[in-house]
Structures are given as structure tokens and as C-alpha cells.
Amino acid sequence: MAAVKNSLPRRQFDVVVVGAGGAGMRCSLQLAQAGLSVAVLSKVFPTRSHTVAAQGGIGASLGNMSEDNWYWHMYDTVKGSDWLGDQDAIEFMCREAPNAVYELEHFGMPFDRNPNGTIYQRPFGGHTSNFGEKPVQRACAAADRTGHALLHTLYQRNVAARTQFFVEWMALDLLRNEAGDVLGVTALEMETGDIYVLEAKTTVLATGGAGRIWAASTNAFINTGDGLGMAARAGLPLQDMEFWQFHPTGVAGAGVLITEGVRGEGGILLNKDGERFMERYAPTLKDLAPRDFVSRSMDQEIKEGRGCGDGSHVVLKLDHLGAETINKRLPSIREIAIRFANVDPIKEPIPVVPTIHYQMGGIPANYNGQVVTTKDGQTKVVNGLYAIGECAAVSVHGANRLGTNSLLDLVVFGRAAGNHIVASHPERQHSHQPIPESSIDYSLDRVNKLESRTSGEKVQDVGNAIRVSMQHHCGVFRTMKLLNEGVDQIEELAKRVDNIAYQDKSKVFNTARVEALELTNMIEVARATTKSAANRKESRGAQALSDYPERDDVNWLKHTLWYSEGSRLDYKPVQLKPLTVETFPPKARTF
Ligand SMILES: Cc1cc2nc3c(=O)[nH]c(=O)nc-3n(C[C@H](O)[C@H](O)[C@H](O)COP(=O)(O)OP(=O)(O)OC[C@H]3O[C@@H](n4cnc5c(N)ncnc54)[C@H](O)[C@@H]3O)c2cc1C
């Protein structure tokens, strides 16, 4: 057996970046330009990463269309996070935002323009001027295809910088030594079915979100939380996994996203009586209140019998914007509505329902992108490992993310991590450290077990059961009873994941093998989510508990840390102190 393992093909790089979304490619660009050898792995062609689907915009206080500054952006982000965001990281992100966007502009990103040539900006949920006074125009947009423009720009820049892409490669496990330093990954080349050892002085996880653990999701099929599974199996914690964002406007029955940019352009939500109900829930920001707030209001309308059609959804009206604005600013939305809801929004409203969209939690990292663990109240950096983008919890989004702050997070922290790796690289310029065989064996054994099993449960069946369970137990409104049932169900399903099998054992492009491996990651995310949620006895941001309807800053102003082994929980304090400005102390969150 050992002989077989030693024969695994090996490659060496300064840096391996797992993920070619906005975060991975912004980071790799920084590294390749600095002359490091960098390999970027992706399960799909880079420009098919989920970032490509981002519609509405990227947030930055450019102040092109209404007065704005980074300090207001910071306040909105802290408040949006329901005070669970770390204020040092939030200050860092909001201060950097204008530079990060101008840099994209100089890279050639095709933003929409104002008549005077500056970048077009639209209002977005929770973004205000003067500390909550009124909506501000902060979302820099390329029509309703901002992510598409961003991802293609970054890809082209990376090609120019000679980044090496490993397309249709799936990273399997982190490789670590006794001291816990990360030394690279094992990875599956899908085309051949071969497994490689990729040795790296630094490994960056940029694997995106895991929204596919829910039945109704705006996420791409590849969003299966692989980086989170890899971290969890390596004994690293996952942070704040109870906080998942429901986007208010997924197309009812289809899940496909209708951007908040529609409401930014003036679209409004109506119930069956034709009432603009958000005026009741959020008198100041109305339809542009943050997402957790709007989703709960919609759910309430539906539960109280004011849903439209069969009562299961509300509608998003935008015909009053006129055909010209819709065709110019929201062309993809019109197409999505026609295709997936069978309505032309120039004439009719779109049926919408809150749909799972984004994970606020993830792999704990600081604002340089370094992965951190916490022991006995002490924070410790994991040598050789970074996490950026949606798979990371920096934590700038806390308990609820504001729209446009994710694309921003990708480029700000992708760039910061790249810079930090470059700056600290000389220290790590030694030759590659030896990788313990046991670390490689662990990963190979996982794959071999799956490969050798000839009978067991179908991947699809167990996957569907996880999705149905998550949908039922971890919804917009949660109860302790539902959550505790969810914990038990998901732990039972974890046992079933240990017994999955597939019949097709062929090597070349075996998607059954890939899906089985993805399921082993999804289950870790589902376990982390249910367990973390069932233990947080308060309502904050996206966690709305009927049993504990109030936010409890005395007991719960802290981050959850979940460990896979024994499904153990730990907690660590929120960083309330910003870098240079005064703390925004917690206060009631009204809009
Ligand atoms: C429909 C939609 C619209 C959105 N609109 C906006 C918006 O307007 N503004 C905003 O700020 N945010 C928006 N968001 C959120 C934002 O787009 C995402 O949070 C963000 O794009 C995630 O980027 P990422 O780089 O972290 O990961 P992704 O773009 O998801 O990329 C993940 C990468 O990791 C790779 N990968 C994963 N697992 C493995 C593995 N095991 N091995 C190798 N590679 C792997 C994938 O192939 C992919 O390349 C939207 C999200 C969705 C779903």
C-alpha cells in the first residue's frame, strides 16, 4: 500500500490557491505579478465560478451620485451585521473599498457610466448616508451583470500575469504536519481520475459558499462548501455557521435570483392586497432595508395570509420603471423573469420568495486572510493557510451581510492576502517541508473507501434528504424544537453519508465520484449550521428564533466556533475595536 501512495504524482508551487472565483483570482493576480509560482485550482472553468452570477453591484463610497464616505459605509456594515462583525476588519474593508474599485476600473472592468464619465452607482439594501438617514447610491454596477464583468476582468489579468490554472481539478484535503502547518493539498484531476499531491509553501482556500445544502437556493451547483469540509476535517473550526442569508427575491418555485438592484432602481414589493407592506416594517428604508429584515417581513406577510397567487409568495413590481430603464439597467432580470417565472416585468410583477443565498460564517481568518484558531482565549495563526471570499469569516458580515459587500470582500481581502503572502514569503523561502505520509494516507483512504464500496446508499438520496432537512429546520424563522430536531436528523444523515456508494467506477470524468466527494463536504457544513444554530439562544441578524426573539448582547455578543470532532462548540469575543476610529457600540437595529 505504501508503495502505491509514494507513487502519487507530485507538483510543487510557492502558492496553491483553491478556487478561481473573484477572491481566488484577485489573490492569485497579486501573487503572479510578484513573481511567485502560483497554481489556481477550480472545479469548473474559472469564469464559470459563482462570482459570475453576481448581479447588483460592488459597494464603495465613491460618492459619484450622492454624498458619501467610508465611515458611513462602515457604520452601515456594522449595523447590518447586527454588531457581530469585527470592527477592525470592517474598517479595513470600507476604507479600502474606493481604491479596490478604482483598481478594477483601471484593470478594464466595464462599469456602467454616468454622463460625466464616472462609475454609475445605485442604492442597495441597508446602505445609507449620514448613519441611517436615507438610502445612498453606493453600489457600483455593470448593468445587472457586475460579477460577470468582474470575473472576466480578473481572469484576463491573470492570463496576462501567467497564473497557472488547473481547470477541472478538485482539491480533496489539506496536508498538514505534526505542528499543524499546512503544506499543500491532495487533488483529483477530473479528466483522468488521477490524484496528485500539490505541495505549497502557502495554501489559500477560496472555495466560495455552500448554499447547495438547502433545497431552494440561488447558488450554483458547485457551491458545496468544499473548503469548509477540508478545514473541518483538518481539525480547524468553522465560525458563525448559524448565520445564513435568505435573499428576499428568489423567483418563486425556481430559486433563481432577482437582484436587490431591482429595488435599488425603484422596484417595490407588494402583497395580495397590492399593499407596499415594507412601509409598515421599515418606515425609513422601506424595500431597501437589509435582507434579513425584508425576508422576515415577507415571511410574515405570507404566514398571515397575505401571500399572492396560491398564497406562497409576494410579488416584485417594476413595470413603473419603464421599458427603457429595465432594458438598460436590468436586462438579465427581464430575461430571468421571462424564462423562470413566465412574466415580462415590463408589464407584470415577478413572483418572489426568500431563498437561501449566502453564508456569513466560514473559516475564521484575520484581515490579512490568515486562518486563525482560538485556544484558551488566545488567537493563533495557522502557518501556511489563508482563507478568503465567501468561504472565510473575517468577519465583516457578522450576522447579516449587506448586498454588494461580498464582491467588495472578495477583492479587498483577495488583494490583502496576496500582499501578505508576498511580504511574508521570504521567511518561507526555504525548500518545501516534508509532508508526513499519514497526512496523504488519510486523504487517499477516504477516496479508496468510496471507490471500493460496491453497495450502499445513493449519493442523490442522501443529498436530497440533507437539503429537505435543512430547508425544514433552518428557515427564515427558527424554533428551538425545529433546530434540535434538525441537529439529530443531520447527525443521522452524517452516518448515511459514511455509507454512500456509486456504481460507476470509471476514471475519466467520473461525475459520480465528484458528487460523492462533494457530499462529504456538504454534510460537515450542515452539521456545523444546525449545531451552531441550536446553541445560540437569541435572535440576531439572520438567526431569528421565536423562542428567543430579542438580541442578547450580555450573553451572545460572541462568535461561534464549531469543530467537527464530536460536533464541539466554542466561542470567542467579537472584535469591537476598529483600527483607528471609535467603536460603534451596539444599539437597537431599526430602519
Ligand atoms: C446569484 C448571486 C448573485 C449575487 N450577487 C451579488 C452582488 O451583486 N453583489 C455582491 O456583493 N455579492 C453578490 N453575491 C454574492 C457573491 O457573488 C459571492 O459571495 C461571491 O461571488 C463568492 O466568491 P468566491 O470567490 O468566494 O467564490 P466563488 O465565486 O463561488 O468561486 C469558488 C471557486 O472555488 C472553486 N472550488 C470550490 N471547491 C473546490 C475544490 N474542492 N477544488 C477546486 N476548486 C474548488 C470553484 O470551482 C470556484 O472556482 C451573489 C451571489 C449569487 C449566488
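Atoms within each ligand, like the ligands themselves, are counted from 1 in listed order.
For residues 245-264, the set of pairs meeting the salt bridge (Lys or Arg N to Asp or Glu O under 4.0 Å) definition, not counting sequence neighbours, comprises E260-R263, E260-R291. Among pairs with a residue in residues 218-231, those fulfilling side chain to side chain donor-acceptor pair (under 3.5 Å) read K43-T224, K43-D226, T218-H357, N219-N223, T224-D226, D226-N521, at least two apart in sequence or across chains.
Judged by a 6.0 Å distance limit and a 45° cone about the ring axis, R138 is not positioned over the six-membered ring of F124.
With sequence neighbours excluded, no residue satisfies salt bridge (charged side-chain N to carboxylate O under 4.0 Å, His left out) with D240.
Side-chain contact of N64 with Q137: a donor-acceptor pair under 3.5 Å is absent, judged by distance alone.
The pair E103-R26 counts as a salt bridge, with a side-chain nitrogen and a carboxylate oxygen less than 4.0 angstrom apart.
If you look at ligand 1, the protein residues with a non-hydrogen atom under 4.0 Å away are V18, G19, A20, G21, G22, A23, L41, S42, K43, V44, S49, H50, T51, A53, A54, Q55, G56, G57, W169, M170, A171, A206, T207, G208, T218, N219, N223, D226, L257, H357, Y358, G389, E390, R401, T404, N405, S406, L407, L410.
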